[in-house]
Structure formats: C-alpha cells, structure tokens
2 protein chains.
Amino acid sequence: MPRRHKTPEERQRLKMLILDAARQLFIERGIEAVSMREIAKRMAYSPTTIYLHFADKNDLLQTLCDNDFLILANDLQHINASSKQDITEQLRQLCTAYSRYALAYPNHYRFMFMTPKPVNSKEKSRIRQGNVEQDAYAFLRSMVTQAFEQQVFRPELQNIDLIAQTMWAGIHGVCALEISMIEDDWVDWQPIEQRVFLMQEALIQGLVRPRPVH
Amino acid sequence: MPRRHKTPEERQRLKMLILDAARQLFIERGIEAVSMREIAKRMAYSPTTIYLHFADKNDLLQTLCDNDFLILANDLQHINASSKQDITEQLRQLCTAYSRYALAYPNHYRFMFMTPKPVNSKEKSRIRQGNVEQDAYAFLRSMVTQAFEQQVFRPELQNIDLIAQTMWAGIHGVCALEISMIEDDWVDWQPIEQRVFLMQEALIQGLVRPRPVH
DNA sequence: CCCAATAACTTTACACCGTTAAATTAACAG
DNA sequence: CTGTTAATTTAACGGTGTAAAGTTATTGGG
C-alpha cells in the first residue's frame, strides 16, 4: 500500500530498517548470510525495494560500514581525555583500544579493513575525512604528530605518515591473523592478549628514541 | 569418450589440468572469477567432472593453496645458505623475502592468509607440518629459535612462539593492508617498500636486546 | 469531483553460482 | 557378443545479485 510522497523522515526510517536488518543478519549469521533476499525477507519487503534506497549490495554494506567507522573513531576519543599521561602511554592505549574493537566485532572488522573495496567508495562516505572525531586514521595521525613534536621517536624517523602507518600495520597484523586464522591449528597460537601486548611494546620500543643511559 | 580404468598417471594429469585452469583464472581475473563452471569451460570439460577429483570448491582451492605454501617455503630456503651473516641480518632477509612473496602474488596471499578456512583443512594437506623445507612457519620458528639461543632477544622475552608470531604479524600487517587497501585513497599511503622496511627495523629494534652502550 | 500522473512497491525474469542425481557413453572382462 | 562399470555429461535444485516491467493507491491539477 504505497503512499505518494513519503516524507524524508519516512524514507530515512525505511533506510534504517534495511540497515538494521542487514546488521542483525551480519552479526547473527556472519557476512555470507547477508544476502539482499535475506535482508528483505527479514524486514518483510520484497528484495528489489532495497534498490530504491541503495545502489547495490556494496553500497548498502559500505553504508553499514560507515557507521562502524564512526563507532571505532568514537571508541578512541576517550583516550585523549586523560591527557595527563605521557604520549607513549596514550599510544599504548590507542593500540589496546583498536585491537579491542577489532576483536569484539570481527565480522565488521573483516569488511572494514580486510576486504578490497571499489574505488568510488570515498566520495559517498558521510565520514568527514581528516576529522579527528570521525576518522580513526586521522586520530592516530594526530597522536603520532604530537609524539613527533615531543621528539619521542628515533631521530632518523622523519615521516609522520610512515610512522602512523607502521603502527597501524603492526596492530592490524595481529588482529587480522587472529580473525583469519583463529580456527587454524597448524600454528601453536599464543594467547591473543599476549600477542597484542608484545606487538604494542615492540612497536613502541622499535620506534621510540631510547632513553639516554646514565 | 571415457576409457575404462584410467591409469593413476592419467588421473593425476587431469587433476593437474583442473588445478592449472583454476590457477590461471585466479591469476588472470582474480579470485571472484574462479568458479567451477569457469574452470570447466576453460579446460573444455563439464563442471561436474571436477567433482570426481575434488570434494568441492574449497577442496580445490585448498589444494591450489598447498602448492603456494610450498613455493613460499621454498623461496625462504636460500636465506639459510648464506649463514655466515649474523642471525638478525637473516631475520631481516626473512621479512623481505616474505613480503616480496605476498606482494608478488596478492591473490594467492589473500586466499592463504586473509580468508578464514574450514577447520578440517589441515588433515588433508600434503605439506608436512613442522618440516622446515615445506612449512614457512616452521622455518620462521627455527630461525627465531636460533636467535633465541644466541640470546639476541630482550631478556624478558622467553616465549619463542610468541616472538615468531609477533614478527609474522608485523610483516603480515603491512602486506595485508597493502593488498586490501591499495585502491583506497583515504589514507596518504607511503611507499610500500618504506613501510616494509620500517616495520622490519622496528620489529628488530623492538624485540632485540639493545647492544650494551660503552 | 474525477482523472491522469507518479511514488512506492512487487512480480517476473535473467544470468550467474555450487552441487547432486540421473542419464549416457565407451572400453573392458568373461 | 554381452553385461559391467568407470568416465563423463545433462538436467535439475536452490541459491545469488540485479534489471525491467507491472501493479497499486494516493495525490495534484483541471
């Protein structure tokens, strides 16, 4: 029973309904269970209705993802609050918070950082790039910049993006291996907390200028 | 035109034919183009013939993967040859060789280490686990063990697997981000060689006992 | 007040996919 | 020569994403 000229609020509500159904399916039964037909079934609409609000499946997933990026960025915010602590301690906390997020929502994380995406996805995103409150990379980068200005890194390290990307890659590596290989009993995996912790410490030790020995 | 009692050699040859077709498709058009039907078309058989030699698609891909694991392990072998060099230099070379492999065959790498696999895959593998010449993790682990015995690591690091897994995760992180995010222009990615190099150095610096300062 | 326009939604359809079951073919054993 | 059986194909099932066409029912304009 269609109504002509749905209000923008109603259109938004339906869009949310789609996203909610998708997210629920995503969480309950994993990413491979998320099909357009399944989403539609769950919200008691026909599959093609979804295409009135999203260009295609990827667009839908991308939108779903945007939300998760915001949640991640938001999770990181509270670190800065306790800014009495020194900057390396804050970097440590950043590593911990990031890995906690990744391991708490492995399905989301997989889609966010472990799946190649079409190139056009940036323009459509509603996240404001570079905004520290919405863009987790920007947050990391700004923290690294702070540390850099306090000259905590080894003197030969002069490229802020390179430092930030290396830290990211380190923690990402631990989380990504955990998510992909958790079922694999080929390797005698050590506890994930220990792996995160050692990576974090190794990165700090490896990148930070050694304290002068008296 | 079926022949009764195909010889084991012929059966093996057909199996190879399937694997070759799959691999070629894999390389040419990416993993999502590798469908049973496409493979069959390429080798001018019917799709169902494949199922006479492989249990299902995953079994096929797993077998394909086994080969790549062997190639990786083989790529690493020659590092030990030049064993005159000190062990940290060998660890550096291991990092470089690993990342070179990952970035040269991103599709293979994706499937090997960035895709969750069913649990039963180990039993069927023809790779001998723990064999340094066939198992890349065993190779890394043995090299870390050597280094450990020479007491090159920081004294608080006593868990060999933990050290090995952390080194792996670091390099994996760089490669995995590169492979997944290469198209992403959100982040101002620094050159991949620099990212690999800094990770490698950070890991060494972070894990290795500092030389005593005179 | 009525009717045509159109937004909202559904039905149908296409071309794929992995996989199974049944049918077909042809070489061999007796 | 014939029945058996291995090798292979055809047909089919239930799934996928998505495009095109069809169906309503409300609404703005004459």
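So that the names make sense, note that chain A is the first sequence line, chain B the second, and so on, each numbered from 1. All values below come from the heavy atoms of this structure, side chains included, with hydrogens, waters and symmetry mates left out.
- Under 4.0 angstrom from either OP1 or OP2 of D:dT8 there lies no side-chain N or O belonging to B:T48.
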Tabulate protein N/O versus nucleotide N/O from nucleotides 12-16 of chain D, keeping only pairs under 3.5 Å, one per line.
from, atom 1, to, atom 2, distance (Å)
D:dT16, OP1, A:S35, OG, 2.9

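- What separates CE of A:M43 from P of C:dT10 is a distance of 9 Å, to the nearest Å.
- Salt bridge present: B:R42 and B:E28 bring a charged side-chain N and a carboxylate O closer than 4.0 Å.
- Spacing between atom CG of A:L52 and atom C1' of D:dT18 amounts to 12 Å, rounded to whole angstrom units.
- Nearest nucleotide to the side chain of A:Y51, out of C:dT10, D:dT18, C:dG18: D:dT18.
- In this structure, CD1 of B:I18 is placed 9 Å from P of D:dT8, rounded to the nearest angstrom.
- Rounded to a whole Å, the CD atom of B:E10 is 12 Å from the C1' atom of C:dA27.
- One interatomic measurement links the two molecules: NZ of B:K41 to P of C:dA15, which rounds to 13 Å at whole-angstrom precision.
- In this pair, A:F111 and A:F26 present their aromatic rings perpendicular. The plane angle is above 60°, beyond the 30 to 60° band.
- Rounded to whole Å, atom C1' of C:dC17 lies 12 Å from atom CD1 of B:I39.
- The C1' atoms of five pairs define one axis at each end of the helix from C:dC1-D:dG30 to C:dG30-D:dC1, and these two axes lie 30° apart (to 10°).
- Atom P of nucleotide D:dT10 and atom OH of B:Y45 are separated by 13 Å, given to the nearest angstrom.
- A distance-only check finds a donor-acceptor pair linking the side chain of A:D135 to the backbone of A:G130 [under 3.5 Å].
- A distance-only check finds no donor-acceptor pair linking the side chain of B:D68 to the backbone of B:H108 [under 3.5 Å].
- Between the side chain of A:S142 and the main chain of A:F139, a donor-acceptor pair closer than 3.5 Å is present.
- Using a 4.0 Å heavy-atom cutoff across all strands shown, A:I50 reaches no nucleic acid atom at all.
- Classified by interplanar angle (parallel below 30°, tilted 30° to 60°, perpendicular above 60°), the ring pair A:F113/A:F69 is perpendicular.
- Donor-acceptor pairing under 3.5 Å, judged by distance alone, is absent between the side chain of B:S46 and the base of D:dT10.
- Shown are B:Q200, B:E178, B:Q190; of these, the side chain to side chain donor-acceptor pair (under 3.5 Å) with B:R195 is made only by B:E178.
- To the nearest angstrom, C1' of C:dC17 lies 13 Å from CD of B:E32.
- Under the 30°/60° scheme for interplanar angles, the aromatic rings of A:Y98 and A:W168 are found to stand perpendicular.
- Between A:R100 and A:E193, no side-chain nitrogen of the basic residue sits less than 4.0 Å from a carboxylate oxygen of the acidic one, so the salt-bridge criterion is not met.
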